[in-house]
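What follows is a set of notes on a single structure, which appears directly below.
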Amino acid sequence: MTRYWLMKCEPSAYTIERLERDGRTSWEGVRNYQARNFMRDEMQVGDGVLFYASNADPSGVTGLAEIVRAGYPDHTAWTKGHQYFDETGSKDAPAWYMVDVGFVERFAGVVSLEQLKTTKGLEEMMVTQKGSRLSVQPVTRAEFAIVARLGRATRAAGPAAAEPAPIRPPRAAGRRTKK
DNA sequence: GCCAACGTTGGC
DNA sequence: GCCAACGTTGGC
């Protein structure tokens, strides 16, 4: 049975635009056990994904993706010198897992967190709860459908907002989940 | 940049 | 097993 998920990523690490260009990507770098368990044990090929831009302006869902490869060991964890290197586990007994995600759809605009919080039917969505930091979250089929509909109703920012985006220096290292 | 909320670590 | 200290997340 198809399940649905929300996956967070900071724009400095990866964006829906890049996913659209790449077609698919591996979701490495998650270093949280609850998120790991979802990726390792529950995600299946074909599951739907809400692509969520965190620490963004505004933060929110920017498009849709799907799982194209179920959980497999995250090799970046045992690659010395890699930014996601982590001593937990080993090659023989991997601690961390990733999945591959494929592009489905890019929204014209962003379904902002603010909008998610004020939309009927999304009251229980994990991402709308205070203090919710989990970077991989389950969502219900109904929530997925509501957000997809909101996303398709978004419009690109108008001319007034179309001036070049300010240059934002990347945040300090070590602050990314999925890359 | 601030800081509240959260997860992890480690002393005891 | 408790819990204080610490590091990180992520909205604002």
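Side chains included, hydrogens not; waters and symmetry mates left out as well; all remaining heavy atoms used. In what follows, chains carry the letters A, B, and so on, assigned in the order in which the sequence lines appear, proteins first and then strands, with residues in each chain numbered from 1.
Salt bridge present: A:D100 and A:R24 bring a charged side-chain N and a carboxylate O closer than 4.0 Å. Between A:E123 and A:K117, none of the side-chain N atoms (NZ, or NE/NH1/NH2) sits under 4.0 Å from a carboxylate O, so this pair counts as no salt bridge. Classification of A:R36 and A:D74 as a salt-bridged pair fails, no side-chain N sitting under 4.0 Å from a carboxylate O.
Of the N and O atoms on the side chains of A:Y97 and A:D41, not one donor lies less than 3.5 Å from an acceptor on the other residue.
Distance CD (A:Q34) to C1' (C:dT9): 14 Å, rounded to an integer number of Å. The nearest whole Å value for the distance from the CD atom in A:E10 to the P atom in C:dC12 is 15 Å. Whole-Å rounding puts the A:L134 CG to B:dT8 P distance at 10 Å. The CD-C1' distance, from A:Q129 to C:dG11, rounds to 15 Å in whole Å. Across the protein-nucleic acid pair, A:N32 atom CG and B:dT9 atom P stand 11 Å apart, rounded to whole Å. Atom pair A:K8:NZ and C:dG11:P shows a separation of 6 Å (rounding to whole Å applied). Going from atom NZ of A:K130 over to atom P of B:dA5 covers 4 Å, rounded to whole Å. Rounded to whole Å, atom P of B:dC3 lies 17 Å from atom CZ of A:R133.
Checking the phosphate oxygens (OP1, OP2) of C:dG10, no side-chain nitrogen or oxygen of A:S59 falls inside 4.0 Å.
Chaining together hydrophobic side chains whose heavy atoms lie under 4.5 Å apart places A:Y33 alongside A:W96.
Near DNA chain C, meaning a heavy atom under 4.0 Å from it, residues 111-121 of chain A has A:L113, A:K117 in order of number.
If you check B:dG7, B:dT8, C:dC12 against the side chain of A:N55, the one that comes closest is C:dC12. Checked against C:dG7, C:dG11, B:dT8, the side chain of A:Y52 finds its nearest nucleotide in C:dG11.
Annotation: side chain of A:E143 is not in contact with side chain of A:I146 (no heavy-atom distance under 4.5 Å).
For A:F103, the ring-ring contact (aromatic ring centres under 6.0 Å, His included) criterion is met by no residue, not counting sequence neighbours.
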